Amino acid sequence: YNEAFLTARTAEETRIEALIDELSNDSTDEQLLAVKAALDESSAKFANFYPNNMFKWNRLYNAYLAKQAVTDVIAKIDAIGEVALTDECKALIDDADAAFNALTDAQKEEVTNKQTLDDAKVKYADLAAVKAVEDLIDAIGEVTKDSGAAITAAEDAFNALTDAQKGMVNADKATALAKAREDYDKLTAVKYGDINGNGEITADDALLALQMTVGKFQPTEEQAKAANVDGEGEVTATDALLILQYVVGKIDKFPVENMA
């Protein structure tokens, strides 16, 4: 470098050193940023620009950055606002959480609204869990004999909720789930003796039971349960006889119905 350049750089370094010397731990952000702007300008103008008190500058500026990081996290948490089950709200929560986790332990202690972030995370998780249950309830639709799996899935999800989350489930939907289970149980309840499923117990049912015992009729699982009126597990001639006795009024209840 020529002598004029070196002289100018030295003069500028002396000027910046004076600005840095005026700074302290009590300096405002505006004062620090004003010195940074001057330092950046001089560094861009002069190669190998390095005032003698850069150690002090680095200490003060790093402290500013640390404080600013805390301020930014507090602002991100405040920006969450009212928690709602939306992608936008989830993004705000995740952004604030990631920023908080990036802080040092000492910085984390300075975040004054950390509880707000924790509460937002819990509230969003609650809303998501409740929505998942409500969607499963809605998916049941009209109850048929094929609705068992859908009803059980909704019940299992509901039972997995915390008590607080259960209280957040829409009351009408909770009632709908209970009604769906009731309707399904009625729909699929075994009517012992009514093997053909026509709603009545007749000699035709006794004949079907007898045909089962000799392999002339292959029942469905539901029909086999209806035919097992003695509760012994297998359909035999005894079941057929019991059904016939019921038809003619000799009994008014099947043995299986007296079992616990």
Side-chain angles (χ1 to χ4, degrees), residues 77 79-97 115-202 205 208 218-235 239 243 246 252-260:
I77 294 174
I80 294 172
E82 183 68 24
V83 177
L85 193 62
T86 64
D87 291 341
E88 180 182 3
C89 185
K90 182 65 165 59
L92 289 172
I93 293 172
D94 288 347
D95 186 37
D97 195 40
Q115 189 60 50
T116 299
L117 174 59
D118 291 341
D119 291 344
K121 290 162 63 177
V122 171
K123 180 66 178 294
Y124 189 89
D126 286 345
L127 291 173
V130 169
K131 179 64 163 55
V133 169
E134 292 180 344
D135 286 347
L136 286 172
I137 294 173
D138 290 340
I140 295 171
E142 182 180 355
V143 177
T144 68
K145 289 185 177 181
D146 296 324
S147 299
I151 294 172
T152 298
E155 288 174 331
D156 288 347
F158 179 84
N159 291 331
L161 297 177
T162 65
D163 290 342
Q165 290 171 337
K166 288 175 182 176
M168 295 169 62
V169 175
N170 180 278
D172 290 340
K173 293 184 186 294
T175 300
L177 176 57
K179 183 66 165 55
R181 168 53 69 188
E182 180 183 348
D183 291 347
Y184 178 77
D185 287 346
K186 288 180 180 178
L187 197 60
T188 58
V190 176
K191 183 175 182 179
Y192 289 105
D194 184 19
I195 300 172
N196 60 16
N198 67 354
E200 298 179 356
I201 300 173
T202 67
D205 297 300
L208 286 174
Q218 297 299 320
T220 64
E221 181 179 348
E222 187 176 276
Q223 289 172 324
K225 287 181 180 179
N228 182 31
V229 294
D230 65 0
E232 295 299 323
E234 293 185 6
V235 179
D239 295 299
I243 294 172
Y246 183 93
D252 61 5
K253 204 170 190 180
F254 295 116
V256 69
E257 294 175 300
N258 292 321
M259 296 179 177

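Predicted, not measured: the structure shown is a model, and the values here were computed from it. Side-chain atoms are counted along with the backbone in the values below, which use heavy atoms only and exclude waters and symmetry mates.
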**Q.** Option passing side-chain contact (heavy atoms from CB on, under 4.5 Å) with Val229 (candidates Ile201, Val235, Ile243)
**A.** Ile243
**Q.** Nearest atoms (heavy-atom pairs only) where Ala224 meets Pro219
**A.** N-CB, 3.9 Å
Q.
Can you give me the closest heavy-atom contact between Glu234 and Asn228, atom names plus distance?
A. O-OD1, 3.7 Å
Q) Backbone N or O of Val190 within a donor-acceptor pair of the Lys225 side chain at under 3.5 Å? A) no
(Q) Quick check against the 3.5 Å criterion: does Asp185 have a side-chain atom that pairs as donor or acceptor with the backbone of Ala189? (A) no
Q | Over all atoms of both residues, closest heavy-atom pair of Glu82 and Cys89 | A | O-SG, 4.3 Å
Q) Are side-chain heavy atoms of Thr152 and Arg181 found at a separation under 4.5 Å? A) yes
Q. Could you walk me through whether Asp119 and Lys123 pass the salt bridge (Lys or Arg N to Asp or Glu O under 4.0 Å) check?
A. CA-CA 6 Å; Asp119 291 344; Lys123 180 66 178 294; over 6 Å; no
**Q.** Exercise: identify the closest heavy-atom pair between Leu161 and Val130
**A.** CD2-N, 4.5 Å
Q) Heavy-atom count around Asn198 CG within 6.0 Å, excluding the residue itself: above 12? A) yes
Q) Is there a donor-acceptor pair closer than 3.5 Å between any side-chain N or O of Glu134 and the backbone N or O of Val169? A) no
Q: Can you spot which of Asp94, Leu92, Val83 makes a side-chain contact (heavy atoms from CB on, under 4.5 Å) with Tyr124?
A: Val83
Q) Is Ser147 reaching over with its side chain to a backbone N or O of Thr144, donor-acceptor style, under 3.5 angstrom? A) yes
Q) Heavy-atom count around Gln115 CD within 6.0 Å, excluding the residue itself: above 12? A) yes
(Q) Looking at every non-hydrogen atom in both residues, tell me the closest pair between Leu177 and Glu155 and how far apart they are. (A) CD1-CG, 3.9 Å
**Q.** Exercise: identify the closest heavy-atom pair between Glu257 and Tyr192
**A.** CG-CD1, 3.9 Å
Q. Looking at side-chain heavy atoms only, is the closest gap between Lys173 and Asp138 below 4.5 Å?
A. yes
**Q.** Side chain Asp239, main chain Asp230, donor-acceptor under 3.5 Å
**A.** yes
Q) Hey, does the side chain of Asp205 reach the backbone of Thr202 with a donor-acceptor pair shorter than 3.5 angstrom? A) yes
